[in-house]
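Right, one structure below, let's go through it.
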2 protein chains.
Amino acid sequence: MAPLGRIPEATVARLPLYLRGLDAFPVGVTATVSSDELADLAGVNAAKVRKDLSHLGTYGTRGVGYDSAFLRFQISQALGVANVWPVVVCGMGNLGRALANHIGFTDCGFPVVAATDSDLDKIGTVVDGVPVHAPGELGDIVHRLNVAIGVISTPPEAAQGTADALVAAGVTSIMSFAPTVLSAPDEVEIRSVDLVTELQILGFHLHRVRIAEDS
Amino acid sequence: MAPLGRIPEATVARLPLYLRGLDAFPVGVTATVSSDELADLAGVNAAKVRKDLSHLGTYGTRGVGYDSAFLRFQISQALGVANVWPVVVCGMGNLGRALANHIGFTDCGFPVVAATDSDLDKIGTVVDGVPVHAPGELGDIVHRLNVAIGVISTPPEAAQGTADALVAAGVTSIMSFAPTVLSAPDEVEIRSVDLVTELQILGFHLHRVRIAEDS
DNA sequence: GACACCTTGTGCATCAGTTCACAAGAGTCT
DNA sequence: AGACTCTTGTGAACTGATGCACAAGGTGTC
Ligand SMILES: NC(=O)c1ccc[n+]([C@@H]2O[C@H](COP(=O)([O-])OP(=O)(O)OC[C@H]3O[C@@H](n4cnc5c(N)ncnc54)[C@H](O)[C@@H]3O)[C@@H](O)[C@H]2O)c1
Ligand SMILES: NC(=O)c1ccc[n+]([C@@H]2O[C@H](COP(=O)([O-])OP(=O)(O)OC[C@H]3O[C@@H](n4cnc5c(N)ncnc54)[C@H](O)[C@@H]3O)[C@@H](O)[C@H]2O)c1
């Protein structure tokens, strides 16, 4: 048992799924959940669930399972979901607007508190409760609103510049939708959500079976 | 050299990045690119580039590098980017609209040819050139327009049902944005783009450094 | 042709992650 | 108490991916 040892990256990526799976269990009610059930809910296998949970020093009871409420608490603790991390959306185009409008983020502790856009017609407006500022005000916004996470939904050409501005403002966590490789200091965590690449991976597999069929 | 052996999944995921990196080289011009340069362009290291390319039986010339045009051809071939895979977007809400409107998909061979929505006000309309149909017509649409890929951008409650309908219609590739675990037959490839989970992973790391600072 | 200089292709060590399989513990029933 | 059932926690094998380091093989120069 390693109460607070290093948690493997692969495990971290699955913890949110377990947490979501636990929502199937009513709060306040004492209920137990087995690694098998959780595995089903999260779409992985039971051995992985147990090994993952063992990394957070969680203890279920053998022969019974895990206490759902306590497990939820433990995972929440590990992920730090009690924290609220304000988000700034850079680039209020088609995608940016959809993101800013998404209540699911706020519900999970990631409120979109501001946005930037280079379009003069948009600057100064308020979209779905989110005020749109000029890109130059980014540093100011970040400090004033305690922004922790920057989302990049600008056109690809503006992505690196926006990333630099975010980093300069002290933001260390970035989620980017731009189809570009971003460079930033090591301590900055960048997660790139590359939808075209996702589609191309799907396309690769479609292509494979097409070839297989033709042979 | 394995001209057409199995390509590792991790490699497949990087091929689109290399292809994109090659765009920095003008077409039609004979130019060579080294694994080092490509590594920079794709944001990985040179050894990985070489090993990846070796999987497609590509041959660069030692001492020189890879012919950029030929390399582009080889990767395109492997990924099958010459194919056009029509896409249907299920759920024309905030996100679905952004996706349907995104020209980048069409440019890469993934045209959004139709959409579905359960909202009676939307059915029958055409949004950004994309006709919106009733969910019940999904099977028909898929056959008529040769749809290869289904995108799920419905509310989470409707996601599994939509996935089932896509599978029933013969679609074997799905990209889902719904925060739910989807089940489908093994031969169906599902890529789940889970933005809340992405944010929670960022949140985890923010949480870690906060704890580290407080100690 | 010989030599200096590049950059590829790859064998190999290493590392991270997954999966198996089973002993150890906790409950339950008689 | 003892036997039986259940499910956890984990050592160990295995799989896949990464990165190093260097021989092999090409180019260019003298
Ligand atoms: N829309 C999609 O479904 C989709 C899908 C995949 C990838 N993407 C990527 O996401 C990004 C945004 O896509 P989109 O469809 O919303 O594009 P968009 O053109 O609709 O929006 C981009 C917005 O960014 C603003 N902008 C430009 N430069 C800026 C700067 N320096 N700072 C702040 N804002 C700036 C523009 O004014 C515009 O409002 C693009 O990189 C695109 O490739 C989008
Ligand atoms: N908007 C975002 O930025 C964002 C971010 C992360 C995840 N998501 C997820 O993406 C999905 C869509 O998000 P959204 O913001 O666009 O929601 P939305 O409510 O704006 O749109 C959902 C659309 O789906 C339609 N719909 C409902 N049932 C349907 C069915 N059975 N078949 C077809 N269409 C149906 C609705 O009429 C609506 O138009 C949700 O699951 C959401 O959790 C969205």
Side-chain angles (χ1 to χ4, degrees), chain A residues 1-18 21-22 25 30-68 70-72 74-75 78 186 201 204-205, chain B residues 1-18 21-22 25 30-68 70-72 74-75 78 186 201 204-205:
Chain A
M1 81 202 78
L4 262 183
R6 209 188 70 80
I7 302 180
E9 202 56 36
T11 295
V12 173
R14 280 188 297 266
L15 290 180
L17 301 184
Y18 300 147
L22 285 173
F25 293 77
T30 305
T32 58
V33 54
S34 69
S35 56
D36 244 331
E37 291 175 279
L38 246 190
D40 262 5
L41 291 168
V44 299
N45 70 32
K48 222 181 299 200
V49 171
R50 290 201 295 276
K51 183 140 289 185
D52 283 343
L53 295 184
S54 78
H55 287 299
L56 11 134
T58 297
Y59 274 86
T61 36
R62 301 183 177 199
V64 178
Y66 302 88
D67 177 90
S68 67
F70 184 59
L71 185 56
R72 188 196 313 255
Q74 286 247 330
I75 298 177
D186 284 348
I201 295 170
F204 169 81
H205 292 287
Chain B
M1 82 201 79
L4 263 184
R6 209 187 71 80
I7 303 180
E9 203 53 37
T11 295
V12 173
R14 278 188 298 265
L15 290 180
L17 301 184
Y18 300 147
L22 284 173
F25 292 77
T30 305
T32 58
V33 55
S34 69
S35 56
D36 244 331
E37 291 174 280
L38 248 190
D40 262 6
L41 291 168
V44 300
N45 71 32
K48 221 182 299 201
V49 171
R50 291 200 295 275
K51 184 143 291 188
D52 283 343
L53 295 184
S54 77
H55 286 299
L56 9 137
T58 298
Y59 273 87
T61 35
R62 302 181 177 201
V64 179
Y66 303 88
D67 177 89
S68 67
F70 184 61
L71 185 55
R72 190 197 311 256
Q74 288 248 331
I75 298 177
D186 284 347
I201 295 171
F204 169 80
H205 292 287

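By convention in this document, chain letters (A, B, ...) are assigned in the order of the sequence lines, proteins followed by strands, and residues within each chain are numbered from 1. A quick note: this is a predicted structure, and the numbers were derived from the prediction, not measured.
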Within less than 4.0 Å of OP1 or OP2 of [N], is there a side-chain N or O belonging to [X]?
| X | N | result |
| --- | --- | --- |
| Arg14(B) | dT18(D) | yes |
| Asn45(B) | dT18(D) | no |
| Ser35(B) | dT8(C) | yes |
| Tyr66(A) | dG9(D) | yes |
| Arg50(A) | dT8(D) | yes |
| Tyr59(B) | dT10(C) | yes |
| Lys48(A) | dT19(C) | yes |

*asked:* Once you apply a heavy-atom cut-off of 4.0 Å, does Thr11(B) come out as touching a base, just sugar-phosphate, or nothing?
replied: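 Answer is nothing: Thr11(B) stays at 4.0 Å or more from every strand.
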*How is Asp36(B) classified with respect to the nucleic acid when contacts are heavy atoms under 4.0 Å: base, sugar-phosphate, or nothing?*
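It contacts nothing in the nucleic acid.
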Which whole-number value in Å describes the distance from [X] [atom1] to [N] [atom2]?
| X | N | atom1 | atom2 | value |
| --- | --- | --- | --- | --- |
| His55(B) | dG11(C) | NE2 | P | 11 Å |
| Leu38(A) | dT8(D) | CG | P | 9 Å |
| Arg62(B) | dA4(C) | CZ | C1' | 18 Å |
| Lys51(A) | dG11(D) | NZ | C1' | 7 Å |
| Leu56(A) | dG9(D) | CG | P | 10 Å |
| Arg6(B) | dT15(D) | CZ | P | 13 Å |
| Leu53(B) | dT18(D) | CG | P | 14 Å |
| Leu71(A) | dT8(D) | CG | P | 11 Å |

*asked:* Tell me whether Ser68(B) contacts the main-chain N or O of Val33(B) through its side chain, where contact means a donor paired with an acceptor under 3.5 Å.
replied: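 Such a contact is absent between Ser68(B) side chain and Val33(B) backbone.
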*When the nearest nucleotide of DNA chain C is assigned to Thr61(A) and to Asp52(A) on a heavy-atom basis, which residue is associated with the more 5' position?*
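First, find each residue's nearest nucleotide; the 5'-ward one identifies Asp52(A).
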*asked:* For Glu37(B) versus Thr32(B), what's the shortest heavy-atom pair and its separation?
replied: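 The pair with the smallest heavy-atom distance is OE1-O, 4.0 Å.
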*asked:* Quick check: do Leu22(A) and Ile75(A) have side-chain heavy atoms less than 4.5 Å from each other?
replied: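 Counting from C-beta outward, Leu22(A) and Ile75(A) do come under 4.5 Å.
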*Say you draw a straight line from CG of Leu15(A) to CZ of Phe204(B); how long is it, rounded to the nearest 0.5 Å?*
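Between Leu15(A) CG and Phe204(B) CZ, I get 7.5 Å after rounding to 0.5 Å.
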*Any chance you could measure His55(A), atom NE2, to Arg50(A), atom CZ, to the nearest 0.5 Å?*
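One finds 13.0 Å between NE2 of His55(A) and CZ of Arg50(A).
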*Counting side-chain heavy atoms from C-beta on, which of dT18(D), dT10(C), dG17(C) comes nearest to Ser54(B)?*
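That would be dT10(C).
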